[in-house]
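These numbers come from the heavy atoms of this one structure, side chains and all, not from hydrogens, waters or symmetry mates. Quantities reported herein were computed from a predicted structural model and do not represent experimental measurements. We number each residue from 1, following the sequence as shown.
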Amino acid sequence: MSVSFTVYRGSASGKIVKDTTHKELRPDDVVLKITHSGLCYTDVHYRKSDICLGHEGVGIVEKVGPAVKHFKIGDHAGWGYVRNTCGSCEACSHRDDMYCKQAELYGFTNTDQGSFASHTVVREAFLIPISDDIDLKYAGPLMCGGATVFDPLYRYGLKPTDRVGVIGIGGLGHLAVQFAAKMGCQVIVFSSSDKKREEAKAFGATEFYATKGVDNLALEKPIDVLIATASVQPDWRLYLPILNYRATIFPLTFDSEHEFSIPIIALNTTPLTVQGSAVAPRWVFRKMLDFVAQHGIKPMIQEFPMTEAGIEQAFAALEAGTLRYRAVLVGQ
């Protein structure tokens with residue numbers, strides 16, 4: 001059995017191109033009608049590539065292969081950055097999908113498919129069920145942005161007594177604040193200006209500090225966990241003095257132009273842990289979605305139509321920095 005569907009590709013000029021692709025279905029494949037897709041900054045890097053864009057897709061199951069056991073027509077589901085793994089390496093044995101050296105990742109494999117499309121085809125094992133308690137328009141940004149910030153908070157020993165610092169209150173940061181606050185932590189937001197102070201407090205921040213032009217930060221208590229979510233690396237010298245004994249830094253900023261650098265004396269004498277982390281594995285996606293449903297967490301979104309013009313408008317808002325805080329493309 002084969003299916004054909006509409007996709008939206010990037011191009012060398014950056015113009016969005018509408019196209020059609022065809023897929024032969026494997027026995028364990030699920031055909032998902034895409035209702036919504038988040039727009040991630042990673043998509044900006046691929047906009048001038050001839051691939052179907054998008055990796056934060058959610059929608060409704062439309063067809064299932066004969067070997068599919070856990071999905072039926074009408075179910076809500078989504079997928080993210082990883083679409084397949086080898087299943088047998090050390091990373092896979094630890095259920096760490098993103099670190100499988102043979103993983104099929106957005107932008108590298110299956111480039112005729114993405115979430116900027118009418119449909120997609122996903123192996124059942126890599127499709128994530130979404131509860132009816134979560135509105136699909138809010139679920140899209142969770143499939144990469146939400147999972148990226150939930151994973152370090154969930155998997156690396158966060159305690160409800162911790163003071164969690166969040167650098168940047170954008171697409172990732174505003175979700176990190178909500179997750180950490182609902183986990184019972186005090187959340188301290190650092191942003192370049194005061195513009196987002198009230199929004200940060202509404203998301204659950206207990207303290208807010210504007211950092212532009214500031215040489216030192218005067219906090220009453222130190223930070224136990226520091227998450228960097230801004231689009232560029234912060235000046236780490238500003239934050240080292242406010243970190244607690246054995247604090248952990250999660251540098252979630254994907255900045256390919258600069259090296260990560262912290263003075264070795266500060267690293268060893270505090271002593272600090274710098275923990276790398278990428279998109280969550282499937283089992284953490286499920287935990288995240290359970291947590292979202294339980295606590296009513298929602299990304300703040302702006303909706304755009306899933307058309308050439310709508311996608312280009314969403315890209316323009318993202319690159320101009322005017323989004324509050326995630327663009328969501330709505331299937332037509």
Side-chain angles (χ1 to χ4, degrees), residues 38-45 56 141-142 144-153 156 158 162-183 185-217 219 223-243 247-262 274-280 297-302 317-327:
L39 174 63
C40 177
Y41 209 88
T42 304
D43 299 318
V44 174
H45 301 308
E56 291 186 337
L142 300 175
C144 178
T148 296
V149 293
F150 184 83
D151 187 63
L153 293 171
Y156 292 100
L158 186 77
D162 283 340
R163 283 170 54 82
V164 177
V166 177
I167 303 174
I169 186 72
L172 292 180
H174 89 290
L175 288 167
V177 172
Q178 293 183 68
F179 284 135
K182 292 299 184 182
M183 290 175 179
C185 301
Q186 293 182 337
V187 185
I188 300 88
V189 168
F190 304 96
S191 186
S192 60
S193 72
D194 274 317
K195 292 180 181 178
K196 300 176 181 178
R197 179 184 294 270
E198 295 308 313
E199 288 178 347
K201 293 292 184 70
F203 292 135
T206 51
E207 298 171 41
F208 183 99
Y209 296 89
T211 59
K212 187 174 182 179
V214 173
D215 294 325
N216 61 78
L217 294 165
L219 276 66
I223 301 293
D224 301 297
V225 174
L226 183 63
I227 302 176
T229 69
S231 58
V232 295
Q233 286 199 54
D235 180 356
W236 294 109
R237 294 169 298 179
L238 182 63
Y239 296 96
L240 293 176
I242 65 170
L243 296 181
T248 300
I249 297 173
F250 294 98
L252 301 184
T253 301
F254 286 87
D255 178 2
S256 61
E257 296 182 2
H258 301 93
E259 294 183 355
F260 179 84
S261 178
I262 281 184
V274 178
Q275 178 63 57
S277 180
V279 181
I297 291 171
K298 296 177 182 177
M300 181 180 285
I301 64 171
Q302 290 179 228
L318 175 60
E319 294 185 80
T322 59
L323 282 174
R324 291 291 189 274
Y325 282 97
R326 300 288 291 194

Engineer: Drop me the distance from Q178's CD to M183's CE, to the nearest 0.5 angstrom.
Structural biologist: 12.0 Å

Engineer: Can you name the nearest heavy-atom pair linking P152 to L252, along with the distance?
Structural biologist: CG-CD1, 4.3 Å

Engineer: Between F208 and F190, is the ring pair (Phe, Tyr, Trp, His ring centres under 6.0 Å) condition met? List the steps.
Structural biologist: CA-CA 6 Å; F208 183 99; F190 304 96; 8.7 Å; no

Engineer: Which pair of heavy atoms, one from C144 and one from E56, lies closest together, and at what distance?
Structural biologist: CB-OE2, 3.0 Å

Engineer: CZ/R163 to CD1/I223 distance, rounded to the nearest 0.5 angstrom?
Structural biologist: 5.0 Å

Engineer: Are the side chains of E319 and V44 in contact, using a 4.5 Å heavy-atom criterion?
Structural biologist: yes

Engineer: On a heavy-atom basis, which atom in L153 and which in L158 lie closest, and how many Å separate them?
Structural biologist: O-CB, 3.2 Å

Engineer: side-chain contact (heavy atoms from CB on, under 4.5 Å), that's the test. Do T248 and V274 meet it? Break it down for me.
Structural biologist: CA-CA 6 Å; T248 300; V274 178; over 6 Å; no

Engineer: Side-chain contact, heavy-atom cut-off 4.5 Å: I167 with Y239?
Structural biologist: yes

Engineer: For the pair L226 and W236, evaluate side-chain contact (heavy atoms from CB on, under 4.5 Å) and give the outcome as yes or no after the intermediate values.
Structural biologist: CA-CA 11 Å; L226 183 63; W236 294 109; 4.0 Å; yes

Engineer: How close do D224 and D162 get, heavy atom to heavy atom, and via which atoms?
Structural biologist: OD2-CA, 3.5 Å

Engineer: Hey, could you give me the CG/CG distance between L318 and L323, rounded to the nearest 0.5 Å?
Structural biologist: 5.5 Å

Engineer: Please round to the nearest 0.5 Å and tell me the distance separating atom CD1 of I169 and atom NZ of K195.
Structural biologist: 15.0 Å

Engineer: Would you confirm whether Q275, through its side chain, and Y156, through its main-chain N or O, come within 3.5 Å as a donor-acceptor pair?
Structural biologist: no

Engineer: Let me confirm one number: the OG-CG distance from S277 to D151, rounded to the nearest 0.5 Å.
Structural biologist: 4.0 Å

Engineer: For a side-chain contact (heavy atoms from CB on, under 4.5 Å) with F203, tell me which candidate from E198, H174, K196 qualifies.
Structural biologist: H174

Engineer: Count the heavy atoms belonging to other residues, nucleotides or ligands that lie under 6.0 Å from CG of D215, then report whether that count exceeds 12.
Structural biologist: no

Engineer: Testing L243, V164, V187 for side-chain contact (heavy atoms from CB on, under 4.5 Å) with V225, which one passes?
Structural biologist: V164

Engineer: Is Y325 close to I301 at the side-chain level, that is, under 4.5 Å between some pair of heavy atoms?
Structural biologist: no

Engineer: Is the backbone of S191 close enough, under 3.5 Å, to the side chain of T211 for a donor and an acceptor to pair up by distance?
Structural biologist: yes

Engineer: Closest heavy-atom contact between P299 and L142?
Structural biologist: CD-CD2, 4.4 Å

Engineer: Could you go step by step and tell me if Y209 and V189 meet the side-chain contact (heavy atoms from CB on, under 4.5 Å) rule?
Structural biologist: CA-CA 6 Å; Y209 296 89; V189 168; over 6 Å; no

Engineer: Of all heavy-atom pairs between V279 and A147, which one has the smallest distance, and what is that distance?
Structural biologist: CG1-CB, 4.4 Å

Engineer: Determine whether more than 12 heavy atoms belonging to other residues, nucleotides or ligands lie under 6.0 Å from atom NZ of K201.
Structural biologist: yes

Engineer: Between Q233 and S261, does the side-chain contact (heavy atoms from CB on, under 4.5 Å) criterion hold? Intermediate values first, please.
Structural biologist: CA-CA 10 Å; Q233 286 199 54; S261 178; over 6 Å; no

Engineer: Is there a donor-acceptor pair closer than 3.5 Å between any side-chain N or O of Q302 and the backbone N or O of R324?
Structural biologist: yes

